[in-house]
Asks: 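My questions will all concern the structure given below.
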Amino acid sequence: MKKIFAVAATLMVAVTLSQAAHAADFSKQIKARKAVMQIYAFNVGQLAAMVKGKMPYDAAAASAAANNLLAAATMKNAAMWPKGSDASAPGLDGKTRAKAENWTQYPKAAEAGKALVAAATKMAGAAGNGVDAIKANFGAVGASCKGCHKPFRAPKK
Ligand code: HEC
């Protein structure tokens with residue numbers, strides 16, 4: 001009997017260790033996709049600062065920010081989103097806020113990404129034409145971020 005418990009305990013340790021190793025396997029992918037999100041946020045922030053008058057409008061800088069956003073949004077990033085790297089996976093709670101729905105409702109998640117590309121394309125075409133042109137396209141960009149975060153990103157803990 002004692003021996004059976006010992007074996008069971010050993011198995012449990014082995015399972016825990018393999019789960020920990022599994023979580024670590026995705027750390028690079030999670031880091032990379034968060035970095036892409038930070039690039040989105042930085043460039044949207046530049047445009048927002050110009051709209052709010054916190055940064056003087058500059059056509060070249062505005063175009064650069066919008067084109068950076070578009071470039072990041074059109075990057076082929078499937079490798080950064082491996083199946084099983086969601087917050088409900090063993091060991092990943094607190095390490096990622098990506099919901100399992102990113103994979104279980106995959107076509108919907110991809111559409112949310114396409115909405116950002118569409119909004120960023122318009123912004124890239126407009127940002128060099130003045131603050132009002134940024135303003136006119138800003139809502140759609142923000143809505144595309146929210147349109148994905150609401151269903152596909154878990155709330156902050
Ligand atoms: C197609 C879905 C999708 C779109 C579009 C999207 N996001 Fe995200 N975003 C996510 C998910 C999912 C996470 C959580 C990633 C993780 O924790 O692994 C996230 C995380 C973030 C984070 C936190 C990154 C970190 O360091 O933890 C920021 C900031 C962010 N997004 C900004 C934006 C902005 C700004 C936009 C729009 C310009 C945007 N996102 C558009 C899905 C999206």
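As the structure lists them, so they are numbered: ligands from 1, and atoms in each ligand from 1.
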Asks: Note the single closest protein heavy atom to atom 27 (O) of ligand 1, along with its residue, its atom name and the distance in Å.
Replies: K34 CD, 3.4 Å

Asks: For a side-chain contact (heavy atoms from CB on, under 4.5 Å) check, start with the C-alpha distance between I30 and L92, then their side-chain angles and the critical distance, and finish with the verdict.
Replies: CA-CA 10 Å; I30 291 169; L92 291 189; 4.2 Å; yes

Asks: Nearest protein heavy atom to atom 17 (O) of ligand 1, by residue and atom, and its distance?
Replies: R97 N, 2.8 Å

Asks: Counting only heavy atoms closer than 4.0 Å, does ligand 1 sit against the backbone of K99, its side chain, both, or neither?
Replies: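 For K99, there is no contact with ligand 1 at all, from either part.
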
Asks: Determine whether a donor-acceptor pair (N or O, by modelled atom type, separation under 3.5 Å) exists between the side chain of R153 and the backbone of A98.
Replies: no

Asks: Distance check, rounded to the nearest 0.5 Å: C148 atom SG versus K146 atom NZ?
Replies: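 Going from SG on C148 over to NZ on K146, the span is 13.5 Å.
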
Asks: Within ligand 1, which atoms have a heavy atom of F152 less than 4.0 Å away?
Replies: 12 (C)

Asks: Counting only heavy atoms closer than 4.0 Å, does ligand 1 sit against the backbone of F42, its side chain, both, or neither?
Replies: neither

Asks: Distance under 4.0 Å to a non-hydrogen atom of Q38: what atoms of ligand 1 satisfy this?
Replies: 24 (C), 25 (C), 26 (O)

Asks: Quick check for you: within a radius under 2.8 Å, how many protein N, O or S atoms neighbour atom 8 (Fe) of ligand 1?
Replies: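 Those protein atoms number 2 in total.
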
Asks: Which atoms of ligand 1 have any heavy atom of G113 under 4.0 Å away?
Replies: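 Those atoms are 1 (C).
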
Asks: Working to the nearest 0.5 angstrom, can you tell me the gap between K95 NZ and K34 NZ?
Replies: 9.5 Å

Asks: Record the part of V44 in heavy-atom contact with ligand 1 below 4.0 Å; permitted values are side chain, backbone, both and neither.
Replies: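 Only the side chain of V44 comes within reach of ligand 1.
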
Asks: Under 4.0 Å from ligand 1, counting heavy atoms only, is it the side chain of S144, its backbone, both or neither?
Replies: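 Backbone only; the side chain of S144 stays clear of ligand 1.
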
Asks: Closer than 3.5 angstrom, by distance alone: can the side chain of N137 be matched with the main-chain N or O of A133 as a donor-acceptor pair?
Replies: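 Yes; judged by distance alone, with no hydrogens or angles, the pair exists.
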
Asks: Run through V117, I39, V141, T74 and flag the one making a side chain to side chain contact (heavy atoms under 4.5 Å, CB included) with L69.
Replies: V141

Asks: Which pair of non-hydrogen atoms, one from A124 and one from L70, has the smallest distance, and what is that distance?
Replies: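 A124 and L70 have their closest heavy atoms at CB-CD2, 4.1 Å.
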
Asks: Indicate the atoms forming the closest heavy-atom contact of I134 with A62, along with that distance.
Replies: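 Here I134 and A62 meet closest at CD1-CB, 3.9 Å.
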
Asks: What pair of heavy atoms forms the shortest contact from P56 to M50, and how long is it?
Replies: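 The answer is O-CG, 3.9 Å.
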
Asks: Can you list every side-chain hydrogen bond (donor to acceptor under 3.5 Å, both in side chains) pair that touches residues 41-68, not counting sequence neighbours?
Replies: N43-N68

Asks: List every atom of ligand 1 that sits less than 4.0 Å from any heavy atom of A109, numbering the atoms from 1 in the order shown and giving each element.
Replies: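 It comes down to these atoms of ligand 1: 1 (C).
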
Asks: What protein heavy atom sits nearest atom 16 (C) of ligand 1, and how far off is it?
Replies: T96 OG1, 3.1 Å

Asks: Run the numbers for me: atoms of ligand 1, each under 4.0 Å from some heavy atom of W81, listed by number.
Replies: 11 (C), 12 (C)

Asks: When you look for heavy atoms under 4.0 Å from ligand 1, do you find them on the side chain of A120, its backbone, both, or neither?
Replies: neither

Asks: Between M37 and W81, which heavy-atom pair has the shortest distance, and what is it?
Replies: CE-CZ2, 4.0 Å

Asks: Is the backbone N or O of K99 less than 3.5 Å from a side-chain atom of N102, with the two atoms forming a donor-acceptor pair by type?
Replies: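 Yes.
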
